[in-house]
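Excluded from the calculations below are hydrogen atoms, water molecules and symmetry mates; all remaining heavy atoms, backbone and side chain alike, are included. All values derive from a computational prediction rather than experimental measurement.
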Amino acid sequence: MSSESNPIAALVWTFGLMSLFAVGGANSAIPEMHRAAVDVHHWLTDKQFADVFAISQLSPGPNVLIVTLIGYSVAGVAGALAATVAMCGPTALLAYYVSRFLDRSRDARWPAMIQAALVPLSIGLMAASGLIVAQTSDQSWIAVLITIVAAALAFATRINPLWMLLAGGLLGFAGVI
């Protein structure tokens, strides 16, 4: 039985493999999640992906909720559980063993160099995530303008992002975007 005919197996394979490359958490894998869920497996449309992303960001808790929501939309509660465990399990095991190894190498200089090298990679992955979400949700010039204003406000002020999400939701509900 192929993983394409078994949605649970496809979820486990997709998110299990993705978890090993999600440097800095699930949000760094948003571009790959979008590619897998929308372009490769056709589990979601661009709009559905943008909606799932927005819901996952509004909810309290870890950013891995987007994986749970994708799994749920593919195969219900079993899919949600399978996708979440697949995204968290391999990474948790890897982090455990790497931390044990690094603890034994704490006097060496190379662990700090590796951590410093991962910072630009994490920033680049987060920027790519923002770009993917903007591309999937900005379908008009007004939406693009609102995205630019929100990004500028987030960069230049200390406004809580939830207020901007609320404003965007209200604009969407009012039919502006």
> Shortest non-hydrogen contact from Ala134 to Thr147?
Replying inline: CB-CG2, 4.2 Å
>> So does Val133 get a backbone contact from the side chain of Thr136, meaning a donor-acceptor N/O pair under 3.5 Å?
In response: yes
>> I want to check something: taking the side chain as every heavy atom from C-beta on, are Met33 and Phe15 in contact at a cut-off of under 4.5 Å?
In response: yes
> Any side-chain heavy-atom pair from Leu94 and Leu20 closer than 4.5 angstrom?
Replying inline: yes
>> Taking the side chain as everything from C-beta on, heavy atoms only, tell me whether Tyr96 gets closer than 4.5 Å to Leu93.
In response: no
>> Nearest 0.5 Å, please: how far is CG in Asp103 from CZ in Arg100?
In response: 9.0 Å
>> Parallel, tilted or perpendicular: which one describes the rings of Phe49 and His34, with boundaries at 30° and 60°?
In response: perpendicular
> Roughly how far apart are Leu17 CG and Met87 CE, rounded to 0.5 Å?
Replying inline: 10.5 Å
> In terms of hydrophobic clusters joined by side-chain contacts under 4.5 Å, are Val67 and Ile55 together?
Replying inline: yes
>> With a 4.5 Å cut-off on side-chain heavy-atom distances among I, L, V, M, F, W and Y, is there a chain of contacts connecting Leu118 to Phe21?
In response: yes
>> Tell me the closest heavy-atom pair linking Gly16 and Pro90, and the distance in Å.
In response: O-CG, 3.9 Å
> Got a donor-acceptor contact below 3.5 angstrom from the Thr157 side chain to the Ala154 backbone?
Replying inline: no
> CE/Met18 to OG1/Thr91 distance, rounded to the nearest 0.5 angstrom?
Replying inline: 11.0 Å
> Do Ile132 and Leu44 sit in the same hydrophobic cluster, where Ile, Leu, Val, Met, Phe, Trp and Tyr count as joined when their side-chain heavy atoms come under 4.5 Å apart?
Replying inline: no
> Can you name the nearest heavy-atom pair linking Ser5 to Pro7, along with the distance?
Replying inline: O-CD, 3.6 Å
> Are Ile114 and Leu121 co-members of a hydrophobic cluster defined by side-chain heavy atoms under 4.5 Å apart?
Replying inline: yes
> Any sub-3.5 Å donor-acceptor pair from Thr84's side-chain atoms to Leu81's backbone N or O?
Replying inline: no
> Looking at Ala86 and Leu11, what are the two nearest heavy atoms and their distance?
Replying inline: CB-O, 4.4 Å
> Side chains of His41 and Thr14: is there a donor and an acceptor less than 3.5 Å apart?
Replying inline: yes
>> Please tell me whether Val149 and Ile159 are part of a single hydrophobic cluster in this structure, the criterion being side-chain heavy atoms less than 4.5 Å apart.
In response: yes
> Do you know which two heavy atoms are closest between Val12 and Ala82, and how far apart they sit?
Replying inline: CG2-CB, 3.8 Å
>> What's the separation between atom OG in Ser56 and atom CD1 in Ile66, rounded to the nearest 0.5 Å?
In response: 4.5 Å
> If you look at every heavy atom in Ala83 and Gly71, which pair is closest and at what distance?
Replying inline: CB-CA, 3.9 Å
> Does Ser73 use its side chain to pair, donor to acceptor, with the backbone of Ile70 at less than 3.5 Å?
Replying inline: yes
> Does the ring centre of Trp43 sit less than 6.0 Å away from the ring centre of Tyr72?
Replying inline: no
> What's the verdict on side chain to side chain contact (heavy atoms under 4.5 Å, CB included) for Val144 and Ile148, showing C-alpha distance, side-chain angles and the deciding distance?
Replying inline: CA-CA 6 Å; Val144 171; Ile148 292 169; 3.9 Å; yes
>> Return the CD1 to CE distance between Ile30 and Met126, rounded to the nearest 0.5 Å.
In response: 12.0 Å
>> Take a 6.0 Å sphere around CH2 of Trp110 and say whether it holds more than 12 heavy atoms from other residues, nucleotides or ligands.
In response: yes
